[in-house]
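Since the structure comes first, as structure tokens, the remarks are kept for the end.
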Amino acid sequence: MSDLFTIRDARQDDMGLIDLYALAEGMDHIPGPDRVRVAVNEDDEVIAFCRLQDDMNGIAYVNPIVTYAPWRGYGVGRALIEDAHAIAGELRLIARGTSAGFYRKLGFVDMPWSMTDQAAASEDCDGCPYRAECGPSPMRLLG
Ligand SMILES: CC(C)(COP(=O)(O)OP(=O)(O)OC[C@H]1O[C@@H](n2cnc3c(N)ncnc32)[C@H](O)[C@@H]1OP(=O)(O)O)[C@@H](O)C(=O)NCCC(=O)NCCS
């Protein structure tokens, strides 16, 4: 990992920044620090986060991952996904069209919608007015 940041479990006092980053990306409120890992700078301030949610079969979904915009391109997202993979094994997610290239770089492959779990992730897309422009696609990284 880079000297620029470290990864640790999220705490309640991180939630303000985490929610701000989620909101800025048009994502839902993050309910709490449970199963959220954060990348922090040298001042222990959150610069990115990754939240996991299990589906009904216990498979972990990334929902979501966000790097604070000024920190993008420094390997923070890669480090958080590698951390999540080491913790949870197989990872699944519904990628936004704009981020599918990021996941492909990290070894994710496409997965059919029939393998997704409504409760974990795909319910976010059903009925979403921005679905067409977002171009969501299910992907997975095998354990
Ligand atoms: C997607 C996101 C998390 C990537 O985070 P990041 O910290 O910038 O990612 P990294 O710097 O670790 O990038 C890892 C690699 O992926 C590449 N990459 C990053 N974003 C990419 C993108 N959108 N498309 C294609 N490749 C991308 C990087 O160039 C890098 O490649 P390299 O290892 O060859 O240099 C970040 O852009 C983000 O927060 N986006 C907004 C929220 C979002 O869309 N989240 C995903 C929801 S599905």
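Scope of the values below: all heavy atoms of this structure, side chains included, with no hydrogens, waters or symmetry mates. Both counts, for ligands and for their atoms, begin at 1 and track the order of listing.
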Original post:
Are any side-chain N or O atoms of Y68 and backbone N or O atoms of L17, one a donor and one an acceptor, separated by less than 3.5 Å?
Top reply: no

Decide yes or no for [X] and [Y]: does some side-chain heavy atom of the first lie under 4.5 Å from some side-chain heavy atom of the second?
| X | Y | result |
| --- | --- | --- |
| W113 | P136 | yes |
| L106 | L141 | no |
| R72 | V66 | yes |

Subject >> Residues in contact with ligand 1, criterion: heavy atom under 4.0 Å >> reply: E25, M27, I65, V66, T67, R72, G73, Y74, G75, V76, G77, R78, I94, A95, R96, T98, S99, G101, F102, Y103, K105

Subject >> Results of salt bridge (Lys or Arg N to Asp or Glu O under 4.0 Å) for D43 - residues two or more places apart only >> reply: none

Original post:
Does a salt bridge link D28 with R51, judged by any charged N lying under 4.0 Å from a carboxylate O?
Top reply: no

